[in-house]
Amino acid sequence: MRIATWNINGLKARLELLKLWLEERQPDVVGLQELKTPTAEFPHEVFKALGYHALVHGQKSWNGVAILSKEPATHLQTGLPGEDEMGSRLITAMVGDLEFSTVYCPNGKTLEHEDYGRKLKWFESLKAHWQEKARGDHAVMCGDFNIVPDPKDSWQGNTADGEIFHTEAERTRYQALLGTGLIDLFRHHAPDDQAFSWWDYRGGAFHRRHGLRIDLILGTSPVTTRLASASIDREYRKKRGELTASDHAPVIVDLK
DNA sequence: ATGGCTCTCGCGGAGAGA
């Protein structure tokens, strides 16, 4: 079973590249973030033609998440309880025996901005939500977490510690989420690799390897026993002909 | 030291992203 997460930075802008990627990589389940599209405008027929069902929690202009799956999924949760004012950032479904949740975590903007405190609170809500719900043994939470888990996950290494995305306060909340029983599957598979999932559009960051690993697939312990491989699909961070890329690459995990 | 690019909305230029 192939699962994946991808912040596509606008569904309409990325639709043709997303279709190419689905056809080439053939994931069984995908969490998408930053649709920037209202739920009612989601083009279900485009994905149906490629063999995918979709569950969508959209919004005009910003945010928005969706789950694509080859087999029909059973919807479990739309939106993070108590955090509606933060926008459309969570959707969860059962796909076969796997509980699959995808999240678009708040950015926070700057340490001084009021959104930073809201980001920290949102993570506390996410942890509480994940902890209080009864979970199946096999559960995955994937998405754009907007936190660099470890200095190794930043091109700047530990020199970025203390900056937004790299603060103790953010990392403490991320660790608390893991404390509910989640494991970073890429890191579990490749303990020593430095690999990034996001590169700034500006300044040739991608080619200079100035990136961050902020797009993660977390899984419960039973999921790690099924882990066959984990990778970041850098090829799809590249422009393809006239098709522009997102600033995020897809992350892919294969389960036995 | 700063901004460097791309997206959305909507028709000019601003806000957001990370």
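These numbers come from the heavy atoms of this one structure, side chains and all, not from hydrogens, waters or symmetry mates. Below, chains carry the letters A, B, ... as their sequence lines are ordered, and counting in each starts from 1. Bear in mind that the values here come from a model prediction, so they are computed numbers and not experimental data.
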Colleague: Check whether any side-chain nitrogen or oxygen of A:Asn7 sits under 4.0 Å from OP1 or OP2 of B:dG17, and answer yes or no.
Modeller: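 For B:dG17, OP1/OP2 do not have a side-chain N/O of A:Asn7 under 4.0 Å.
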
Colleague: From the set B:dC7, B:dA16, B:dC9, return the single nucleotide nearest to any side-chain atom of A:Lys60.
Modeller: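 The closest nucleotide is B:dC9.
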
Colleague: Tell me: CZ of A:Arg202 to P of B:dT6, nearest whole Å?
Modeller: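 It works out to 11 Å between those atoms.
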
Colleague: Give the intermediate values and the outcome of side chain to side chain contact (heavy atoms under 4.5 Å, CB included) for residues A:Ile183 and A:Leu178.
Modeller: CA-CA 6 Å; A:Ile183 295 149; A:Leu178 295 188; over 6 Å; no

Colleague: What integer number of Å spans the C1' atoms of B:dG10 and B:dG15?
Modeller: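 To the nearest whole Å, 14 Å.
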
Colleague: Do A:Tyr116 and A:Leu212 share a hydrophobic cluster, counting only Ile, Leu, Val, Met, Phe, Trp and Tyr and linking them when any side-chain heavy atoms are less than 4.5 Å apart?
Modeller: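 A:Tyr116 and A:Leu212: one cluster.
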
Colleague: Mind calculating the distance between CG (A:Asn146) and P (B:dA16) to the nearest angstrom?
Modeller: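 It is 15 Å, rounded to the nearest whole Å.
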
Colleague: Suppose you measure atom C1' in B:dG12 against the same atom in B:dA1; what distance do you get, rounded to whole Å?
Modeller: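 It works out to 29 Å between them.
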
Colleague: Test your reading of the model: is there a side-chain donor-acceptor pair from A:Thr180 to the backbone of A:Leu177, 3.5 Å cut-off?
Modeller: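 Yes: the side chain of A:Thr180 pairs with the backbone of A:Leu177.
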
Colleague: Whole angstrom is fine here: how far is it from CD in A:Glu170 over to P in B:dA18?
Modeller: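 Value for this atom pair: 12 Å.
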
Colleague: Which whole-number value in Å describes the distance from A:Arg237 CZ to B:dG17 P?
Modeller: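 Rounded to whole Å, this separation is 17 Å.
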
Colleague: Just the rounded figure in Å: distance from C1' of B:dT2 to CG of A:Asp200.
Modeller: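 Going from A:Asp200 (CG) to B:dT2 (C1'), I get 14 Å.
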
Colleague: Do any side-chain nitrogens or oxygens of A:Ser246 fall under 4.0 Å of OP1 or OP2 in B:dT6?
Modeller: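 Indeed not, no polar side-chain atom of A:Ser246 lies that close.
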
Colleague: Would you measure the distance from the P atom in B:dA14 across to the matching atom in B:dG4 and give it in whole Å?
Modeller: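 Their P atoms lie roughly 13 Å apart.
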
Colleague: Determine the contact category for A:Ile164: base if any of its heavy atoms lies under 4.0 Å from a base atom, sugar-phosphate if only primed atoms, P, OP1 or OP2 are that close, otherwise nothing.
Modeller: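 Nothing, no nucleic acid heavy atom in range.
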
Colleague: Begin with the C-alpha distance, continue with both residues' side-chain angles, and end with the deciding distance and a verdict on salt bridge (Lys or Arg N to Asp or Glu O under 4.0 Å) for A:Lys121 and A:Glu83.
Modeller: CA-CA 9 Å; A:Lys121 177 176 168 289; A:Glu83 296 286 347; 3.0 Å; yes

Colleague: Just to be sure I understand the rule, does A:Phe145 reach a base, reach only the sugar-phosphate, or reach nothing, if contact means heavy atoms closer than 4.0 Å?
Modeller: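 A:Phe145: no heavy atom of the nucleic acid under 4.0 Å.
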
Colleague: Can you tell which of A:Asp150, A:Asp193, A:Asp184 makes a salt bridge (Lys or Arg N to Asp or Glu O under 4.0 Å) with A:Arg213?
Modeller: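 Considering A:Asp150, A:Asp193, A:Asp184, a salt bridge (Lys or Arg N to Asp or Glu O under 4.0 Å) with A:Arg213 is found only for A:Asp184.
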
Colleague: Output the single nucleotide from B:dT6, B:dT8, B:dA18 whose closest atom is nearest the side chain of A:Lys12.
Modeller: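 Of the options given, the side chain of A:Lys12 lies nearest B:dT8.
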
Colleague: Looking only at atom types and distance, does a side-chain atom of A:Gln59 sit under 3.5 Å from a main-chain N or O of A:Gly87, one as donor and one as acceptor?
Modeller: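 The answer is no, because no donor-acceptor pair under 3.5 Å joins these two groups.
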
Colleague: I want to check one thing: is the phosphate of B:dT6, taken as OP1 and OP2, less than 4.0 Å away from some side-chain N or O of A:Thr244?
Modeller: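 It does not, given that no N or O in the side chain of A:Thr244 lies less than 4.0 Å from OP1 or OP2 of B:dT6.
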
Colleague: Please determine, for B:dG17, whether a Watson-Crick or G-U wobble partner exists with both distances under 3.5 Å, and give it or none.
Modeller: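 Across all strands, the one nucleotide that pairs with B:dG17 is B:dC5.
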
Colleague: Need to verify one output field. Residue with the more 5' nearest nucleotide on DNA chain B, A:Ala13 or A:Trp198?
Modeller: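 Its nearest nucleotide being more 5', the pick is A:Ala13.
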
Colleague: In whole angstrom, what separates A:Gln33's CD from B:dG17's C1'?
Modeller: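 It works out to 14 Å between those atoms.
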
Colleague: Just the rounded figure in Å: distance from P of B:dG17 to CZ of A:Phe165.
Modeller: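 Going from CZ in A:Phe165 over to P in B:dG17 covers 9 Å.
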
Colleague: Could you tell me how far B:dG17 sits from B:dG3 if I compare only their C1' atoms? Round to whole Å.
Modeller: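 Looking at atom C1' only, B:dG3 and B:dG17 are 15 Å apart.
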
Colleague: Let's see if you can work this out: which of B:dC5, B:dA18, B:dA16 has an atom nearest to the side-chain heavy atoms of A:Tyr201?
Modeller: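 Selected nucleotide: B:dC5.
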
Colleague: Rounding to an integer number of Å, can you tell me how far A:His248 NE2 sits from B:dC7 C1'?
Modeller: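 A:His248 atom NE2 is separated from B:dC7 atom C1' by 12 Å.
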
Colleague: Measuring from the side chain of A:Asn107 (C-beta onward, heavy atoms only), which nucleotide among B:dA18, B:dT8, B:dC5 has the closest atom?
Modeller: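 Closest of the options to the side chain of A:Asn107: B:dA18.
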
Colleague: Determine the Euclidean distance between corresponding P atoms of B:dT2 and B:dG13; express it in Å to zero decimal places.
Modeller: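 Comparing P positions in B:dG13 and B:dT2 gives a spacing of 25 Å.
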
Colleague: With DNA chain B as reference, determine whether A:Pro106 or A:Arg208 sits nearer its 5' end, using the nearest nucleotide of each.
Modeller: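 Its nearest nucleotide being more 5', the pick is A:Arg208.
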
